[in-house]
Asker: 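Okay, handing you the structure first.
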Amino acid sequence: MLVPPFEMHVAKSVEDAILLRSEFGDDASFYCGGTELVLVMKLGLTDLAHLIDIKHVDELRTISIDDSGIRIGAAVTYREIENNPLLAADRPEFVSMISGIANIRVRSVGTLGGNLAFADPSSDPATYLLAVGGELEIGSADGKRRIVPMDGFHTGPYQPNMQDNEMIVSVRLPRNVTGGVVVHERMKLKERPNITVAVFASAVKGKVTQARVAVGSVGLVPVRFDEVDATLVGIEASTLDERLLRAATIARDSISLFDDANGSVEYKRHLVDHFVQKVARKAIEAVL
Amino acid sequence: MSASTLNERDTTVERGAVGTSHARIDGPIKLSGQAQYVGDLEVPGMLYAKVFRSPIAHGRITLLDVTAAEAMEGVVAVLVGSDLADIDPFYGHAIRDRPIVALDRVRFVGEPIAAVAAKTMAQAEAAARQIIVEFDELPVAANLDAALATGAPIIHDGQTAAGFAHGLGKMPDREGNTCYSYELNTGDLGAVRAAGDIVIDHEYVFPAVYQYSMETHAVIAEHTGTEIRLWANCQHPFLVQSEIATLFNLPISSVRINVQFLGGGFGSKSYTKMEPLAAALARKAKKPVRIVNEVSESMVTTRRHNMKCRMVTTARSTGELVSRDVQIWLDTGAYADNGPRVTATAGDAAAGPYRWQATQVRAHCVYTNTGPSGSYRAFGATHVQWVGESQIDEVARRAGIDPLEMRRRNLLRRGETVRVKGKPLDADLIGDIEKVAAALGWGDERKPNRGRGISVGLLAAGAHPVSMATVRMDAAAGVSVLVGSTEMGQGTRTVMAQIAAQVLTVPMSKISVPGTDTSFTPYDRSTGASRSTTVAGKAVERAALVVRASLLETAGLAFGISDTSMLRLEDGCVTDGKQSMTFSQIITKRFGFAGGELVGHGEVKPEGGSGSYEEGPVFWEVCIAGAEVEVDINTGVVTIVRTSSVADVGRAINPAQVERQDEGATLQGIGNAMFEEMLYSADGDLLNDTLLDYRIPTMLDMPETMQCIIVENGDGPGPFGSKGCGEGALAAIPAAIVNALGDIGIDMYELPLTPERVWKRIQQIQQTK
C-alpha cells in the first residue's frame, strides 16, 4: 500500500507545532521518526491530511546532563542516544536498553519521545522509565509546560495521558542514586519484546532501602506494584531468596494479561514470575 | 570452513574453472544496483494494477459492482470473472482447479476477485477501494481438522481435471476435501509388526510456513490479441509459457516470457502464480500492466503446507528396525498448486533411508479455506524427516544404543533399494553421517542443558530430466551460454559459465550467461528440485562439447590430422603438442573471414525410461545434518549452538557456492524448526501477515558455529560427476534440532519449537516424573 497523499508542515518551535495541530485538529499528527506513524498510514488505519514535522525544532533535539538529572529532547533519535558519550558514561544500562530496540534502521530515525507518545504496549523504554522514576515534560497550546511522572502516563495501549493539543517536549531521567543500580532485561522472540523487566534498587549497609520493579511489553501497559516494591525493601542477604519469591508471586498474580500470538496467559505469568526474580536478584545482589 | 575430500575420480577432471570458488558473475551488477528486477522495469504505456481480494474465507458472490471503480480517474480496466467467459479460465499444473479470478465463489481470504489497471498506482489503489462485493457466506474449514471432519464443508464440488504437469499417475476420485493421495507399501506390515518389541507411536504437527524471499511476486503482462509477452519473476518460465498458452488459446510460441533476476525464490515462484491474472487484465486493458505483490499478498499467493502426521515405528530390542506405518495429511489450502507432488515427495521421504521389513505410507493432500500451498525448498522431506528421525532416536534410547551406531546398523548402503521401481541409493550415507557427527564432537561430554542430534534423510531430486542448452562461440572466442535456469540468487549463471569454461578452456571473463527469453533460450523444465547444475548443467556441458568438436574438426583439417583425439584444448587454443591455433584463428579458418560462430546444442532427456516420477528420481539428494542446542529450562528458549551439514555433491563445481547453499538452507531450517508459523483464525484470517509478526531468521539467529562439509565422491549424474545440493540441510536441520532436544530428555512432537511449547513440554515431563 502507498501512503495516501498528505501535506507536510515544518514546525519552527514547540508552540508553532502545537498551534498547527490545533488548527488542523484530527486531520493532523505530529511527525518525527515516522517508524510507527508511517506504518499505520500505509495500513490505512488512519487518514491524515496534514503531518507536522517537528524534527527541526532545536529544543526537541538536545541532550543535557546537570545536577538534576538528564534531559533528552523528544525528537532525539535512539541512535543519537546510543552514540552520546555523556550518556554512555553516566547511564550505560540506559544506553544498552536503547541499543537493543528494534533494528538499526528504526533506531536511526525513531525517537524516544515518539515511542512514549505512541504508547505501544510493547515499549521497553517506558518500562525502564517507570523503574527509574522518569518524568516527561509536556508542552501545551497556552505555552505552559508541565512535568508528569512516567508512572500513570500510559493509561492503556496507544493511550498517552495527554490532550490532543499537547506534546512531549522532553524526557527526564533523575540523577543517579548513590548506592543504586538499574538492571533492565528483555526477552525478544519476534520484532518486539515479549517481556521487559526493569528494576531499580539501592541499599545501605547490606539492606535494601529503595526498590522499584517495572514490568512491561507483556500486558496492555507497563506496570509497577507498590506491594512488590515494599516486599523488596528491607531485604538482606539472608532473606533474599524468600522475599524475591514472594515479590515475584505478587507481581505474577497482580498483573493483567491476555492470550495472544505472543503466548498464553499461563506462559506470560510464568515469564513475569521468572524475570522479576531474575532481574531483581541481579539488581539487589549488585547493591547488597 | 569446508573440509573437501577429493577422491581419485577427480583427477579425471582437467584443472580449470570447475572446482574453483569463482566469484559470482552477476555479483558486480547486483552490488552496484544495476541489475533490474521486474519491479524496476517499465514497459512503454504500462499501467499499474491493484488486486481486489476476498475479505472472507468461503462464500458465494451475490453482488460484484465495479462501476464506481471503473469511473475513477486514471482507471483503464477492471477485470472480473465475467470477462473470462470466452476462455476456460481454470489453471493449475497439477490439478486444474483455480480460476484466474473468483467466478462465483471465493475459497480463501485474499483470493483475487477483481483487478484494477490504472495510470498510476495510487489511482489503482483508490479505485480498488470503490469495488463493492457481497457474499452468501459458507461454512469455513480453515484447518486440517475442520476439513477432514465428518460433514465438513466441501471446498471443491465435483471432479476437476488433471493439470498438464500432474505427473503422478491417474487422478484419484475425490474423497471429501482430499484432492490427492499417495500410497507406498513394502513387505507385509501386518505379518511383521508383532516382531517389534519396541513400538513408538505419536502424532506430529508441522506449521504453515512462508517461503519469504525479499522480492515478492511481480509480473508485467502485455496482450496484443495474437501474442502475450510477460516479464515475470518465475522460476519455471517454460512451464508458465505452456500454461498461459493453454489458458488463452495461443500457440506456445506466441507466449514470450522474459526472466532476468529473481530476488530469491525458494519455490515460492515455481509454477504459475500471478501471471494469468496479469495477462487477463492486460487483455482487457489492451495495454501492458504490472502487478507487484505486497508481502502480505505474496503470503496468500503461496506458502508451505502445514501437516499432521501419525507415525508408528517398531523395532527389536536389539535396535534392529522392523516396520514403519505413516499417515500424513498435508494442508494444500484452497487450491492444489503443487500439493500433489509435495504429498508424493513427503510419502517417499517418510520411511527414511533404512532397511525395513515392511512399510506402509499413506499421504493425503487436503483442501482447506486458506491460502494455497506449494513448493518450498526441500518440500516433503522437511515435513517428515524430523518425525521419522526423532522416532529412530527414541528407538535408540529405548534399546540403549547410541544414535550414531543405530544409524550405522540400519541405514541403507549404496545400491540398495530406496523405493521399489525407483533409483537405488546413490550415496554413502554412513560415511556422510559420521562426518557430521565428528564435526559436532559427537562423543565429547555434554554441558548441562545441552544436547546433540543428528539426522539422515533422502529427497527425490531433479524433477523431470528434460533440459536443453545452447552454447555459442563468436569469432573473437567469446562464449554465450543460453540456458533456461533461473538465477534467483543461488548462483546458477556462475556455475553454468564454469561448466562451459571447463569444457572450452576459455576464461570466465569471456563467458556470458544472459537471462531467459523463451523466444531464444532453449527449453528447460524448471529451476527447482536441486536440478539446475545436474540436469541443465549437463545440457550446457553437452552443448559446449559440440562447440569443442567443431573446434577440433577445423583445427584437425588445418593441421592435417584426421584423428582429432590427437588434439587437445588448452587455454583457448587447439594444439597437437607441436602446432597450435587460437579459437579465433580456427573460426576465421572455418568461415573464411573473421565472422560466423560455432553453435552447440545440448539436450538432456530421460534415458531408458519415460523420466516419470515413479522411475526417478534423477538422484537422491542427501539430507544429513547435526545440531547442538542449549535450552533455558526457565523460559523454554532454545539456542542453536552449533550445526554441521553434509553437501554430498558428487563434485563441487563451485565450492564456495555449495557452502553458501548449505548455510542458507541451515538458516531456513532453523526458522522452520524454531519460530516460523503462519497463524490462522478459525474463520480463515491469516493473523500474522507482516514481518513484524511473522518472524524470519536473521543473522542474529546464526549458530556460533555452522559447518558445511563438502563430500565429493564423483557419483552424481551431472557434469563432472556432480549432483545437486542446497535443499538437504533444510530437511535435516529441524530433525537434528528436535533430536538434540530429545537428547536432553525433551521430546517434541510439534513445530515450531517456540519457547512456550518447549516450556510447557518441560512442565509436562517434570510432572510425570
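Each chain gets a letter, A, B and so on, in the order its sequence line appears, and its residues count up from 1.
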Asker: Would you call A:K190 and B:D693 a salt bridge, taking side-chain N to carboxylate O under 4.0 Å as the test?
Answerer: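 Looking at B:D693 together with A:K190, the answer is no, because their closest N to O distance does not fall below 4.0 Å.
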Asker: How long is the straight-line distance from CG of A:D124 back to CG of A:L129, given to the nearest 0.5 Å?
Answerer: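 The distance works out to 10.5 Å.
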Asker: Let me know if A:L43 has heavy atoms under 4.5 Å from chain B in its side chain, its backbone, both or neither.
Answerer: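 Interface part for A:L43: neither.
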Asker: Looking only at heavy atoms, which of residues 109-124 of chain B get nearer than 4.5 Å to chain A?
Answerer: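 The residues closer than 4.5 Å to chain A, in numerical order, are B:M121, B:A122.
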Asker: Is it the side chain or the backbone of A:L271 that comes within 4.5 Å of chain B heavy atoms, both, or neither?
Answerer: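 For A:L271, the contact with chain B is made by the side chain alone.
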Asker: Should B:R129 and B:K50 count as side-chain neighbours, where that means a heavy-atom distance under 4.5 Å?
Answerer: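 No, too far: nothing below the 4.5 Å cut-off.
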Asker: Anything in residues 749-756 of chain B with a heavy-atom distance to chain A below 4.5 Å? Please list those residues in order.
Answerer: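 When heavy atoms of chain A are the reference, residues 749-756 of chain B contributes B:P755, B:E756 within the under-4.5 Å range.
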Asker: Among A:E185, A:H184, A:M187, find the residue that satisfies the side chain to side chain contact (heavy atoms under 4.5 Å, CB included) test when tested with A:T196.
Answerer: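 Testing each of A:E185, A:H184, A:M187 against A:T196, the sole residue satisfying side chain to side chain contact (heavy atoms under 4.5 Å, CB included) is A:H184.
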Asker: Got a salt bridge between B:D701 and B:R695, using NZ or NE/NH1/NH2 to carboxylate O under 4.0 Å?
Answerer: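 Judged by the 4.0 Å cut-off on N to carboxylate O distance, B:D701 and B:R695 do form a salt bridge.
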Asker: Working to the nearest 0.5 Å, report the span between CG of A:L232 and OG1 of A:T239.
Answerer: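 Between atom CG of A:L232 and atom OG1 of A:T239 there are 10.0 Å.
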Asker: Keeping B:R761 on the side-chain end and B:D747 on the backbone end, is there a donor-acceptor pair under 3.5 Å?
Answerer: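 Yes, the answer is positive, given that a donor and an acceptor are paired below the 3.5 Å cut-off.
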Asker: Side chain to side chain donor-acceptor pair (under 3.5 Å), that's the test. Do B:T368 and B:D331 meet it? Break it down for me.
Answerer: CA-CA 7 Å; B:T368 65; B:D331 177 349; 2.7 Å; yes
Asker: Measure B:L679 against the heavy atoms of chain A and call it side chain, backbone, both or neither at under 4.5 Å.
Answerer: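 Contact with chain A involves the side chain of B:L679 alone.
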Asker: Tell me if a side-chain donor or acceptor on A:S217 pairs with a main-chain N or O of A:I195 at a distance below 3.5 Å.
Answerer: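 Checked: no pair found.
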Asker: Among the options B:E125, B:E677, B:E294, pick out the one with the most heavy-atom pairs lying under 4.5 Å from chain A.
Answerer: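 Top option by heavy-atom pairs under 4.5 Å: B:E125.
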Asker: NZ/A:K278 to CG/A:L244 distance, rounded to the nearest 0.5 angstrom?
Answerer: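 Between atom NZ of A:K278 and atom CG of A:L244 there are 13.5 Å.
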Asker: Looking at B:N634, B:L691, B:V637, which has the largest count of heavy-atom pairs under 4.5 Å with chain A?
Answerer: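 Greatest number of close heavy-atom pairs with chain A: B:N634.
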Asker: Where do A:D273 and A:Q277 land on the side chain to side chain donor-acceptor pair (under 3.5 Å) test, with the steps shown first?
Answerer: CA-CA 6 Å; A:D273 187 330; A:Q277 283 197 63; 2.9 Å; yes
Asker: Between A:E191, A:H274, A:K268, who has the most heavy-atom pairs with chain B when the cutoff is under 4.5 Å?
Answerer: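 Heavy-atom pair counts peak at A:H274.
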Asker: Go through the steps for B:T370 and B:L686 under the test side chain to side chain contact (heavy atoms under 4.5 Å, CB included), then give the verdict.
Answerer: CA-CA 8 Å; B:T370 59; B:L686 175 57; over 6 Å; no
